[in-house]
Amino acid sequence: MTARPTPPSRGRVAAALVALLSVLLTAGCGGDAAPQPAPWHGGRIFLATGNTTGVYYQLGGGYADLISRYLPGYEARAEPTGASGENITRVAGGDMEIAFSLADTAADANAGRGAFEGRPQQVRALARVYRNYTHVLVRTDAKITTLSDLRGRRVSTGSPRSGTDVIAGRLLTAAGIDPERDVRRARLSLPDTAARMRAGTLDAMFFSGGLPTPGITDLLAAAPGRFRFLPIADLIEPLTAAYGPVYAAADLPKEAYGTPTAVPTVTVANMILVSADMPDKLAYDLTALLFAHQTELGTVHPEGRNFDRSGAANTDPVPLHPGASRFYQNG
């Protein structure tokens, strides 16, 4: 699952040129072979995931494997990315076929607001899946007990344009902190954030992910006692007042990372998105795979078990793809 070697949309263009050349050569030789299928109807599918030590990347790899094994004519590959915001623009622009995204970022993209101001993205949902938990980790010796204590501190808010970066900015604002002026903000991937936390060049970090997030597990294991989780669920009221019910309060269970107690935090659902022009049959088949082989996804990461068909169609305000909608309607 290495980085995609071609620039945006070049892979699809190259595939089309190869198919066209094949048809021309066949015609020139007097053969009667049928034309090669268009990319939407067979070939390579790319999945936009997230940081390499996050849950998106793990589940994306598992989903890609299911597609390659069980969807005849297709080969899929999961790609590491900066997560939600980047994923959406790459799917809408035709560079990727499937994307993982946080529901709040997807809602902004659909409405053309926030980072997508004036540029609504033509994406559709296949499913609402598991919940992401907002992890706020601070140095144990930094005397940080509330989010407002982050004023003037060195803080990573996640990869640029990621869902983590969006949530972090909104949480800081809800705590009365200007995220651009009142903290020393760094927008770093999870691996880079963890490295700087271990080096002592960051005081705090945000990450929105499933449980457990491998990069968080590794960070805590590498530095026992040096970091602790900050409770933030008290900010749910200003968050929902500003952004609606896309956020919810929940406890980060102590079993997730072996903490002494559960930590009150904020959660947001995840969605699997595709472009609006994906053929209905392909969208139907991709959705069906998620549930027909969910047990296999659960062996890739525990969050693969934590979504169900009865709630998966609840992707409002992001429209379901018609193919996915037909899957849910068929029982």
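Start at 1 with the first residue, then count along the sequence.
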Evaluate side chain to side chain donor-acceptor pair (under 3.5 Å) for S156 paired with T193, printing each intermediate quantity in order. CA-CA 6 Å; S156 173; T193 295; 2.7 Å; yes

Classify the ring geometry of F100 against Y56: parallel below 30°, tilted from 30° to 60°, perpendicular beyond 60°. tilted

What residues, two or more places apart in sequence or in another chain, satisfy side chain to side chain donor-acceptor pair (under 3.5 Å) together with R228? none

Say whether, by atom type as modelled, one donor and one acceptor occur between the side chain of D280 and the main chain of P322 under 3.5 angstrom. no

Parallel, tilted or perpendicular, judged at 30° and 60°: which one describes the rings of H293 and Y70? parallel

Determine yes or no for a side-chain-to-main-chain donor-acceptor pair under 3.5 angstrom, with T315 supplying the side chain and R128 the backbone. no

Salt bridge check: are R187 and E180 linked by an N-O gap of less than 4.0 Å? yes

Please list all pairs meeting salt bridge (Lys or Arg N to Asp or Glu O under 4.0 Å) that have one or both residues in residues 197-214, counting only residues at least two apart or in different chains. R139-D203, R154-D203

For the pair E303 and L59, evaluate side-chain contact (heavy atoms from CB on, under 4.5 Å) and give the outcome as yes or no after the intermediate values. CA-CA 8 Å; E303 291 289 13; L59 282 180; 4.2 Å; yes

Does Y284 have R326 sitting over its ring (NZ/CZ under 6.0 Å from centre, angle to axis within 45°)? yes

Kindly indicate whether a cation-pi arrangement holds for R170 with Y243, taking the cut-offs as under 6.0 Å to the six-membered ring centre and within 45° of the axis. yes

Taking only Lys NZ, Arg NE, NH1 and NH2, and the carboxylate oxygens of Asp or Glu, determine whether D65 and R69 approach each other closer than 4.0 Å. yes

Rounded to the nearest 0.5 Å, what's the gap from OG1 on T265 to OH on Y133? Could you check? 9.5 Å

Taking NZ, NE, NH1 and NH2 as the nitrogens, is one of them in R196 or D192 under 4.0 Å from a carboxylate oxygen of the other? no

Apply ring-ring contact (aromatic ring centres under 6.0 Å, His included) to F207 and list each qualifying residue two or more places apart in sequence or on a separate chain. none

Sidechain-backbone polar pair: H321 side chain, M278 backbone, donor-acceptor under 3.5 Å: yes

Would R77 and E79 pass as an ion pair if we require N to O under 4.0 Å? yes

Between R161 and E86, is there a side-chain N and carboxylate O pair less than 4.0 Å apart? no

